[in-house]
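Dropping a structure here in C-alpha cells format, bear with me for questions.
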Protein chains: 2
Amino acid sequence: MIKPVAPDSEFTIRELAQEFDVTPRTLRFYEQKGMISPARRGAARIYSAADRARVDLILRGKRVGFALDEIKEILDLEAIDRGGRERLEPAIERFVARIQVLQQQREDVERAIAELQAGLDWMRERLENRTPPDDVRRRARAFEALAQARLDPWSGASAG
Amino acid sequence: MIKPVAPDSEFTIRELAQEFDVTPRTLRFYEQKGMISPARRGAARIYSAADRARVDLILRGKRVGFALDEIKEILDLEAIDRGGRERLEPAIERFVARIQVLQQQREDVERAIAELQAGLDWMRERLENRTPPDDVRRRARAFEALAQARLDPWSGASAG
DNA sequence: TCACACACTTACGCGAACGTCAACGTCAAA
DNA sequence: TTTGACGTTGACGTTCGCGTAAGTGTGTGA
C-alpha cells in the first residue's frame, strides 16, 4: 500500500493526483485548507516525498471517516506539542474518543462484510436457481430477514 | 448491541430518536427518502420493531460509509428479487465492489487505530514527562514521523 | 511564431444529510 | 381553559468536499 519513493523525489500536481486517484483540484483544496504546503517553482506546485506521505495520510483518514479538519488536527500535532500541556490534554481526550469510534467502526465493518457476503451468496443462489447447501441457506435467510428488516428482534439482535 | 425488544413493540418518533441518538427530523427524513414506512395513528408515526431494525441497519450502514441511497438499495433487495435476473446481475456487481471497499476500509481502520494508539502513548508520555520504556519510544517516534509527515518513505511505507 | 498541454487563481455551484424555523394540531394535567 | 409537551408538514438554511467554469500565464515542440 503506497509505493516507496526516494526521499528527494518530486511530483507535479497531476502525477500525484493520478497516483492517488483524485483530481488536481482536490490537492489544491487540501492546500487551501492548510493541510499540505508544497513548494513552488514559479507558480507551479512541486510536491516532495513528505507531501506525498501527507496526502496518503489524508486519504486514509478520509476512508475511515475523519473529517478534513480532524485530519488537519492530527497533522498539526507538532503545533500541539509546542503549545505545551494545556493544549495536549484536550487533544488526548479527542484521540481517545476517536479511537473508540474507530473500534466501533471496526465492528461495523466486520458485520457489514459478513452481511453483504451473505447477501451475495443469496443473490448468486437466485441466479443459478439451484438448491443451496444448508449453510448458505441459513446465512441467506438471515440476510433476507435483515434486508427486509423483518428480523425477529428476539433472536436476531441479541447478544449484548 | 441494540437491545432486543418484543416483536409487537411500538415506539414514538422521539423514543426511537433518543435510542439511536438522532433527531426526530432525521427519522422523518429517512421516511421521506422511502427507507422506512412507519404506521400512523392519526397523523402521528408509530414505529414497529421492524422499523426499529431498519433504522439500526441504516445507521450501521452510515457508519461504514454507505450513502443513504445505497442503503436504500440494500433495504429494497426484495424488489430486486421480484424484478428478476436482469436486475440481479448489476446488483451483484455493486455488492462485490462494495465488499472490496469494505475490506480496504477494514485495513485502514486497523492502521488508524494502531497509529492513533501510538500517538496517544506519545502524548501521554509528554504529559508525564518521564523517560519512556523502549517499546513506547519506538512507536512514539514512528507516530511522530507520521504525524509530521516526515516518515522516510523507504523504511516507513514499504511492503507492497 | 503558433499551437497546445498543463498550470494557476478566483469564484460560484452542487448534492448529501440533515438543522432550523414557522405555523399548526392534539392531548393530558393543572 | 390555559399551559405545555409532543406531534405534524412545508420550506428555507447550513456544512462539507469538492466540481466546474472563466480567464490568465508558462513552457515545449513543430
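So that the names make sense, note that chain A is the first sequence line, chain B the second, and so on, each numbered from 1. Both backbone and side-chain heavy atoms feed into the values below; hydrogens, waters and symmetry mates do not.
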Between atom CE in B/Met35 and atom C1' in C/dC18, what is the gap in whole Å?
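For the pair B/Met35 CE and C/dC18 C1', the rounded distance is 13 Å.
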In whole angstrom, what separates B/Glu70's CD from C/dA16's P?
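It works out to 11 Å between those atoms.
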Just call it for A/Arg14: base, sugar-phosphate, or nothing, with non-hydrogen atoms closer than 4.0 Å on any strand.
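Answer is sugar-phosphate: A/Arg14 comes under 4.0 Å of backbone atoms only.
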Of the listed nucleotides (C/dC8, D/dT8, D/dG17), which one gets closest to any side-chain atom of A/Ala67?
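The answer is D/dG17, which lies nearest to the side chain.
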Establish, with yes or no, whether the OP1 or OP2 oxygen of C/dA7 is under 4.0 angstrom from a side-chain nitrogen or oxygen of A/Arg45.
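Checking A/Arg45 against C/dA7: no side-chain N or O falls below 4.0 Å of OP1 or OP2.
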Between A/Leu27 (CG) and C/dT9 (P), how many Å, whole number?
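The answer, rounded to whole Å, is 13 Å.
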Nearest-nucleotide 5' precedence on DNA chain D, A/Ala43 against A/Tyr30
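By nearest-heavy-atom nucleotide position, the 5'-most residue is A/Tyr30.
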Would you indicate, yes or no, if D/dC18 has its OP1 or OP2 atom less than 4.0 angstrom from a side-chain nitrogen or oxygen of A/Lys62?
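Yes, A/Lys62 has a side-chain N/O under 4.0 Å of OP1/OP2 on D/dC18.
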Side-chain N or O of A/Thr12 less than 4.0 angstrom from OP1 or OP2 on C/dA7?
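So the side chain of A/Thr12 is within the cut-off, an N or O lying under 4.0 Å from OP1 or OP2 of C/dA7.
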Using atom CZ of B/Phe66 as one end and atom C1' of C/dA16 as the other, report the distance to the nearest whole Å.
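Result: 17 Å.
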Under 4.0 Å from OP1 or OP2 of D/dT20: is there any side-chain N or O of A/Arg25 that close?
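For D/dT20, OP1/OP2 do not have a side-chain N/O of A/Arg25 under 4.0 Å.
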Spell out, as yes or no, whether a donor-acceptor pair under 3.5 Å connects the side chain of A/Asp51 to the backbone of A/Ser48.
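Flag set: sc A/Asp51 to bb A/Ser48 pair under 3.5 Å.
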Between B/Arg60 and A/Glu115, does any side-chain N to carboxylate O distance fall below 4.0 Å?
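Yes, B/Arg60 and A/Glu115 are salt-bridged.
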Report the distance from atom CD of B/Gln32 to atom P of C/dA17, rounded to the nearest whole Å.
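Going from B/Gln32 (CD) to C/dA17 (P), I get 12 Å.
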Given atom CG of A/Asp21 and atom P of D/dG19, what is their separation to the nearest angstrom?
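So the two atoms are 11 Å apart, to the nearest Å.
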Which whole-number value in Å describes the distance from B/Ile13 CD1 to D/dT8 C1'?
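Atom CD1 in B/Ile13 sits about 9 Å away from atom C1' in D/dT8.
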Check for a donor-acceptor pair, side chain of B/Arg54 on one end and backbone N or O of B/Met35 on the other, with a separation under 3.5 Å.
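Yes; at least one donor-acceptor contact below 3.5 Å.
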Could you tell me whether the phosphate oxygens of C/dT9, OP1 or OP2, come under 4.0 Å of any side-chain nitrogen or oxygen in A/Arg40?
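For C/dT9, OP1 or OP2 has a side-chain N or O of A/Arg40 closer than 4.0 Å.
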Keeping the roles fixed (side chain from B/Gln105, backbone from B/Val64), state whether a donor-acceptor pair exists under 3.5 Å.
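Yes; at least one donor-acceptor contact below 3.5 Å.
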Would A/Glu73 and A/Arg98 count as a salt bridge (Lys or Arg N to Asp or Glu O under 4.0 Å) here? Give the steps.
CA-CA 12 Å; A/Glu73 205 179 340; A/Arg98 261 302 162 188; over 6 Å; no
Would you say B/Thr26 reaches C/dG19's phosphate, i.e. side-chain N/O to OP1/OP2 under 4.0 Å?
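For C/dG19, OP1/OP2 do have a side-chain N/O of B/Thr26 under 4.0 Å.
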Rounded to the nearest Å, what distance is computed from the CZ atom of residue A/Phe29 to the C1' atom of nucleotide C/dC12?
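For the pair A/Phe29 CZ and C/dC12 C1', the rounded distance is 14 Å.
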